[in-house]
Amino acid sequence: MIMFMRIDRLLCEMNIGTRKEVKELIKKGQISIDGAVIHKPDLHVDEKNVKVTCQGKEYVYRPYVYYMLNKPSGVITATADKHDKTVLDLMKDQLEDLTGGSGAGIPLQDIFPVGRLDKDTVGLLLLTNDGDLAHNLLSPKKHVSKTYFVRTDQPLTDDGIRCLEEGVLIGEGEKTRPARVAWQGGNECRITITEGKYHQIKRMFHAVGTTVIYLKRLSMGSLVLDEELLEGQIRELTKKEVMDLCSGI
Ligand code: URA
């Protein structure tokens, strides 16, 4: 079934302007649909198959968008907050870069972070408006793997590593699911878990007598943090990354 959407709503969803601003653009004849200037904000269009031109610049509507953020410390995983900078604020800051200069075309209001990293955790965070993908990645039934780099206040013992791998009690009744730990020397390791409980890594390491002093997420499912991305930077996922992520769950 073809779904039609009001053109003023579509332009808002594409972040071209507020409802008021896009109505004004339409009134001034600055919007074209498939090459023809339009004058009515209540015109209905097939949003998946329409070429929008605004002030001479072409935009393509993409119902789903996917971004990778290398989350820095000090930023919270939320869409809005009164006190702290959020991951969505970082996205707004980089809108111009992400859209090749226009600042429009991304349905910003619908984008949310998939899962949560603590304020002091850095690394891979997926931002999207694809609710189904997010639901699948976060579903406790799917056991999507997540790999973290961890630095602790003291070296892990062999016994500590074995406990982490077999599962530890973190105050939730049941032990954590089996994990994989790769010791990296000194106080550093990589750990792969298949759950996403609140403060899970910090609580697991606490359960074996250590404190996490640095935590970085390296991967989620098939998606691997692009090490070229500086902390705070965002880039769009490649088509292959999106396909692998969607087909891997
Ligand atoms: N586990 C934690 O303890 N914190 C995070 O941010 C992510 C996983």
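Whatever order the structure lists them in is the order used to number ligands and atoms, beginning at 1.
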Within the structure provided, determine whether L126 and L237 are in side-chain contact (heavy-atom separation under 4.5 Å). yes

Exactly one of R180, K146, R177 clears side-chain hydrogen bond (donor to acceptor under 3.5 Å, both in side chains) with T194, and that residue is R177

With a cut-off of 4.0 Å, which atoms of ligand 1 are near a heavy atom of Q200? 1 (N), 2 (C), 3 (O)

Please lay out, stage by stage, how D120 and L215 fare under the test side chain to side chain contact (heavy atoms under 4.5 Å, CB included). CA-CA 8 Å; D120 59 351; L215 183 57; over 6 Å; no

Are the side chains of L223 and L137 in contact, using a 4.5 Å heavy-atom criterion? no

Mark yes when over 12 heavy atoms from residues, nucleotides or ligands other than R116 sit less than 6.0 Å from its CZ; otherwise mark no. no

Report yes if K202 has an N/O atom closer than 3.5 Å to an N/O atom of ligand 1; otherwise report no. yes

Report the part of V212 in contact with ligand 1, treating N, CA, C, O as backbone and CB onward as side chain, heavy atoms under 4.0 Å; options are side chain, backbone, both, neither. neither

for atom 8 (C) of ligand 1, nearest protein heavy atom and its distance come out as Y148 OH, 3.5 Å

Which of these, L117, T121, D118, has its nearest heavy atom closest to atom 2 (C) of ligand 1? D118

Quick one: does Y198 get a heavy atom under 4.0 Å from ligand 1? no

Counting heavy atoms not belonging to D158, are there more than 12 under 6.0 Å from its CG? no

Closest approach of any protein heavy atom to atom 1 (N) of ligand 1, naming residue and atom: I201 N, 3.1 Å

